[in-house]
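Computed from a predicted model, the values in this text were never measured in an experiment. Chain letters run A, B, ... following the sequence lines, proteins first, then strands; residues in each count from 1.
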Amino acid sequence: MNLFADALNWILDPANYVGPGGIPVRLVEHLGFTVVAVSLAALIAVPFGFLIGHTGRGRGLAVATSGGLRAIPTLGLLTLVALWVGIGLGAPYVALTILAIPPILAGAYTGFEAIDRTVIDSARSVGMSEAQIMRTVEVPLGLPLLIAGIRSATLQVVATATLAAYVADFGLGRFLFAGLKTRDYAEMLGGSILVILLAVLLEGIFTGVQRLVVPKGVAAARPSVDRGRSARPASGMDPAITKGTH
Amino acid sequence: MIEFRSVSKQFPDGTLAVDDFSLTLPSHQTTVLVGSSGSGKTTLLRMINRMVDPSSGTIEIDGADIAALEPVQLRRSIGYVMQNSGLLPHRTVIDNVATVPLLRGVPRRKARTEALSLLDTVGLDRSLAARYPNQLSGGQQQRVGVARGLAVNPNILLMDEPFGAVDPIVRAELQQELIRLQSELGKTVVFVTHDIEEAFLLGDQVVILRDGGRIAQVGSPSDILAKPADDFVASFVGADRGKRALHVERRGGSDILVDTDGRLAGVLVAPSAADATPDHRAPR
Ligand SMILES: Nc1ncnc2c1ncn2[C@@H]1O[C@H](COP(=O)(O)OP(=O)(O)OP(=O)(O)O)[C@@H](O)[C@H]1O
Ligand SMILES: [Mg+2]
């Protein structure tokens with residue numbers, strides 16, 4: 001408890017809010033890093049996920065690849081890439097983008113797959129082109145699950161981004177590594193608490209966004225949701241991804 | 001006019017869904033394809049708008065081979081009503097009806113105005129326009145489906161068991177509505193059902209199918225009822241069970257129609273009263 005109080009004191013100490021190594025700078029670095037890594041991952045994963053979801057092809061490959069990517073220990077990957085590209089932010093960006101790809105990919109294609117086939121069939125049979133089906137039917141109806149995937153990716157990245165400080169003078173992880181070195185456990189715990197607060201904040205934002213992106217008229221129309229409106233995850237999905245899509 | 005010439009369809013898994021099917025579907029008339037489940041009705045219907053391409057044979061619409069037409073364009077010119085309405089759940093009723101006109105580049109305002117008047121056509125209240133499909137009853141959804149099918153003012157309207165999912169009372173209502181619409185619009189309607197009553201009620205031409213889309217008999221409802229081609233047809237239309245062969249018995253002061261099993265089929269009424277009733281065939 002004493003340590004916890006010390007950590008709070010550390011967080012509240014105005015001295016820790018100034019200079020290039022202060023809490024505000026580290027927070028912004030951390031958040032910015034998370035946003036960039038998740039965006040990069042989305043840029044890669046979303047088109048592939050949409051394509052897999054639309055064509056129904058390549059799913060096995062995606063699952064295998066995602067599984068493989070998930071199995072890579074991030075710290076090991078980070079070290080490996082750092083040895084290759086050198087000290088700095090390059091390695092953490094690579095490692096954490098790779099970390100963020102599987103949940104986003106899964107969110108993108110399961111979002112499409114969860115759509116009632118008769119809806120897509122009817123869109124096609126009234127004369128929508130494949131591009132129109134994707135744009136006006138699959139993307140809006142699949143968006144909630146995609147956002148859920150991005151949410152899951154963001155949480156993983158924001159937590160794991162502390163590792164960026166392992167190879168760069170960067171982010172909230174700095175407090176953990178610095179505290180570890182100097183045995184300043186208040187600083188370590190304070191840094192961890194800040195990471196948690198940031199994660200909670202992002203969770204809050206995503207909860208709001210997820211509500212916004214559920215298309216009107218859909219809540220009761222989705223077959224998978226229609227029956228058990230409880231938190232029954234869609235098949236093959238990480239429960240974390242489906243959570244909160246109501 | 002739609003013409004099937006020796007059309008077969010074998011699916012990649014080997015199922016021969018349609019085997020050497022030839023038929024002419026006259027313009028401005030309703031052709032009903034009727035047969036039991038798996039007889040290839042849906043497959044035949046979906047070959048007309050190229051949702052399914054035949055393995056062999058040709059289909060012509062007004063003399064043009066549809067294999068040469070671009071599927072997306074072809075589909076936009078043909079109305080299609082599906083069994084479970086197939087409405088887009090994230091679009092309002094009005095936007096669902098206006099879907100195809102908008103795809104064809106009709107200005108938004110015009111498309112919506114026309115969609116509203118189509119709601120009148122199919123007997124839906126305009127106040128439902130802003131609702132989402134899941135806020136409608138099954139019967140209302142079917143009506144929206146019909147309105148959507150009519151939205152491009154197509155010459156051809158394909159209907160795949162459109163009234164299968166609603167209760168008998170609503171179904172009867174929708175059937176009457178369709179008869180009224182068809183007398184006004186005169187589309188070339190291809191209607192799929194497994195209900196022989198519905199087939200006889202709606203069809204100018206009725207096609208009774210066996211498995212593999214093999215035609216058991218083609219003709220007007222009265223032809224088929226009067227002269228079933230074989231035992232299969234007779235059994236399908238219920239003639240063998242004596243359901244259609246009725247005789248009159250005098251009971252309690254009125255003439256009662258009774259089938260060969262002795263079950264009551266209806267009451268005999270004076271011809272003038274019968275004319276006033278739109279559906280004058282004996283109920284089951
Ligand atoms: N995509 C497909 N792949 C393989 N077989 C199919 C496919 N679609 C239909 N079939 C098969 O073709 C046959 C005819 O199917 P179809 O859907 O045309 O029947 P139907 O007469 O419409 O039946 P129902 O009244 O049940 O709707 C069935 O044996 C069915 O299993
Ligand atoms: Mg069918």
Using the side chain to side chain contact (heavy atoms under 4.5 Å, CB included) rule, pick out the option among B:Arg75, B:Met82, B:Arg148, B:Arg76 that qualifies with A:Val126.
B:Arg148
Heavy-atom pairs under 4.5 Å with chain A are the metric here; pick the option from B:Arg104, B:Arg91, B:Arg131 that has the most.
B:Arg91
Does [atom1] in [X] sit with more than 12 non-hydrogen atoms of other residues, nucleotides or ligands closer than 6.0 Å?
X        : atom1 : result
A:Asp121 : CG    : yes
B:Arg126 : CZ    : yes
A:Arg117 : CZ    : yes
A:Phe48  : CZ    : no

Side-chain contact, heavy-atom cut-off 4.5 Å: A:Met128 with B:Leu88?
yes
Do the side chains of B:Gln83 and A:Thr118 get nearer than 4.5 Å, heavy atoms only?
no
Side chain / backbone / both / neither for [X] at chain A, heavy atoms under 4.5 Å:
X        : answer
B:Val100 : side chain
B:Arg46  : side chain
B:Leu87  : backbone

Measure A:Gln132 against the heavy atoms of chain B and call it side chain, backbone, both or neither at under 4.5 Å.
side chain
Can you give me the closest heavy-atom contact between A:Gly217 and B:Tyr132, atom names plus distance?
CA-CG, 3.4 Å
Do you know which two heavy atoms are closest between B:His90 and A:Val218, and how far apart they sit?
CB-CG2, 3.7 Å
When rounded to the nearest 0.5 angstrom, what is the spacing between CG in B:Asn96 and OG in A:Ser122?
8.0 Å
To the nearest 0.5 angstrom, please state how far the CG atom of B:Asp95 sits from the OG1 atom of A:Thr136.
11.0 Å
